[in-house]
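Here's the structure, in structure tokens; my notes come after.
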Amino acid sequence: MLIPAHNEEEQLAETIDSVRAQTRGADRVVVIADNCTDLTPEIARSKGIAAFETVGNSARKAGALNQAYARFASGFEYVLEMDADTTLHPRFMEEALAEIEADARLAGVCCRFFAKPARGLLRRLQALEYVRYEHLCNRRRGRVSVLSGTATLLRTSALPEKPWREDSLVEDYALTLYIRRNGFEVQAGRRAFAYTETMPTIRQLWRQRLRWERGTLDELRREGWTPYTRRDVFARLTTFAGIALRCLYLSAIGAAVWLGVHVSFHPIWLAPIAFITAERVVTAWSLGWRERLLAALVVPEELYDVLRGAWIVRSTWLSLRAVTGTW
């Protein structure tokens, strides 16, 4: 098990505790202390976990993982990589291993991730976003476009010598494309649950999502139209169409108000709003009454969707202009 960590002293102990609580433990656990200036390696060692400190790494998470993989993965049939701010459900390893061992075509099984409990409207909106992704994953029967870097179990025989592309903004997606290009399958574990941190500020969220979306678009442009990218390309086109329709709708309303055009209201327009509200409340049900109420308000999530559309448009512009991506 490889846990890359850059200055994660505040959360690492909780992460390690979740690893130790697994019903089927890992044969070896390594915390990869990457250019740390805090007590990350000391905390790992105090918990009885090996701490491997990277040497001369300038490729962030991908470089840290590659250094540790070259050092520790030899002889292991599977390797689990997970973020240092993530905690695993006690049965995560047991469930993920059972799935990957039962199907030789599977090269990777990733977690079904949820947000850790946290205060603040922005974090609660991200929790709603994650639980809706979980419902989408259920509808797709575990099919995913990317093996989430949050926590993923990988079959080492399906991996290249350096699994994580160091020139990619989204090393987990680049690895997923490599795996699928070579004829293997990937999926989210049916009951392999993990819990991860959310971004506390809009600025941090913007930077994270800009990197994710920009990196994904870069990889799709690099790969081109293939059997294993078509679904992702179509999903992006659908997203762009949705953003365009939202802009057109708002523009039409704005123009009508500006020009003084009389717009009559008909109760029939309440029907789709009621349907959308009901769907959002139902999909948020497992998070408790506070999140159900937040979902029922509709407006906060609509504003979050506007923000999401903004980072998607910005990412597309940067990708098409081939502007150098940053973390």
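Of the possible donor and acceptor atoms, none in the side chain of Arg180 sits under 3.5 Å from a partner among the backbone N and O of Glu185. For Thr229 (side chain) and Thr226 (main-chain N/O), a donor-acceptor pair under 3.5 Å exists by modelled atom type. Proximity of a side-chain donor or acceptor of Ser251 to a complementary backbone N or O of Cys247 within less than 3.5 Å is detected. Counting only distance, with no hydrogens or angles, the side chain of Asp34 and the backbone of Thr54 share no donor-acceptor pair below 3.5 Å. Looking only at distances, a side-chain donor or acceptor of Asn66 sits under 3.5 Å from a matching main-chain atom of Trp164. Between the side chain of Gln22 and the main chain of Glu94, no donor-acceptor pair closer than 3.5 Å is present. Between the side chain of Thr156 and the backbone N or O of Glu77 there is at least one donor-acceptor pair closer than 3.5 Å.
Contact check on Arg181 versus Glu223 returns a salt bridge, with a Lys/Arg side-chain nitrogen under 4.0 Å from an Asp/Glu carboxylate oxygen.
Pairing each heavy atom of Ala127 with each of Leu287, the nearest pair is O-CD1, 3.9 Å. Closest non-hydrogen pair, Thr37 versus Asn7, comes out as N-OD1, 2.7 Å.
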Starting from the C-alpha separation in whole Å, work towards a yes-or-no answer on salt bridge (charged side-chain N to carboxylate O under 4.0 Å, His left out) for Asp218 and Arg214.
CA-CA 6 Å; Asp218 286 350; Arg214 163 69 194 278; 2.9 Å; yes
So Arg292 and Trp285, side chain to side chain contact (heavy atoms under 4.5 Å, CB included) or not? Walk me through it.
CA-CA 6 Å; Arg292 295 173 206 162; Trp285 200 263; 3.4 Å; yes
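Here the side chains of Leu65 and Glu81 are in contact, with some heavy-atom distance below 4.5 Å. Using a 4.5 Å cut-off on side-chain heavy atoms (C-beta onward), Asp305 and Arg246 make contact. Side-chain contact between Met199 and Arg123: absent, with no pair of heavy atoms (C-beta onward) separated by less than 4.5 Å. When side chains are defined from C-beta on, Tyr195 does not count as touching Thr150, because their heavy atoms never get closer than 4.5 Å. Contact of the Phe240 side chain with the Thr316 side chain is registered, since non-hydrogen atoms from C-beta on lie closer than 4.5 Å. When side chains are defined from C-beta on, Leu210 counts as touching Leu318, because their heavy atoms get closer than 4.5 Å. Side-chain contact between Arg236 and Leu220 is present, with heavy atoms from C-beta onward closer than 4.5 Å. Residues Val79 and Arg155 fail the side-chain proximity criterion, which asks for heavy atoms closer than 4.5 Å.
For Arg71, the CZ atom sits in a loose shell: 12 or fewer heavy atoms of surrounding residues, nucleotides or ligands are nearer than 6.0 Å. Atom CZ of Arg290 has 12 or fewer neighbouring heavy atoms from other residues, nucleotides or ligands inside a 6.0 Å radius. Around the CZ atom of Arg314, the shell of radius 6.0 Å holds no more than 12 heavy atoms that belong to other residues, nucleotides or ligands. When the shell of 6.0 Å around CG of Leu237 is examined, it contains more than 12 heavy atoms from other residues, nucleotides or ligands. Glu302 CD: more than 12 foreign heavy atoms inside a 6.0 Å radius.
Leu303 forms part of a hydrophobic cluster together with Val299, judged by ILVMFWY side-chain heavy-atom separations under 4.5 Å. As a member of the Ile/Leu/Val/Met/Phe/Trp/Tyr network built from side-chain separations under 4.5 Å, Leu245 groups with nothing else and remains a singleton. Grouped with Ile49 in one hydrophobic cluster are Met1, Ile3, Leu12, Ile16, Val19, Val29, Val31, Leu39, Ile43, Tyr78, Leu80, Met82, Leu88, Phe92, Met93, Leu97, Ile100, Leu106, Val109, Leu153, the linkage being side-chain heavy-atom contacts under 4.5 Å among Ile, Leu, Val, Met, Phe, Trp and Tyr residues. Hydrophobic cluster of Leu293: the remaining members, joined at side-chain heavy-atom separations below 4.5 Å, are Trp289, listed by chain and number.
For Phe184, there are no ring-ring contact (aromatic ring centres under 6.0 Å, His included) partners two or more places apart in sequence or in a different chain. Residues passing the side chain to side chain contact (heavy atoms under 4.5 Å, CB included) test with Thr283, sequence neighbours excluded: Arg132, His135, Glu279. For Glu291, the salt bridge (Lys or Arg N to Asp or Glu O under 4.0 Å) test picks out Arg124, with sequence neighbours left out. Here Tyr133 pairs with Phe113 under the ring-ring contact (aromatic ring centres under 6.0 Å, His included) rule; sequence neighbours left out. Under the side chain to side chain contact (heavy atoms under 4.5 Å, CB included) criterion, Thr239 pairs with Ile243, Arg308, Ile312, sequence neighbours left out. For Glu8, there are no salt bridge (Lys or Arg N to Asp or Glu O under 4.0 Å) partners two or more places apart in sequence or in a different chain.
Sorted by first then second residue, the salt bridge (charged side-chain N to carboxylate O under 4.0 Å, His left out) pairs that include residues 102-114, not counting sequence neighbours, are Asp103-Arg105, Arg112-Glu134. Counting only residues at least two apart or on different chains, no ring-ring contact (aromatic ring centres under 6.0 Å, His included) pair has a member in residues 198-222.
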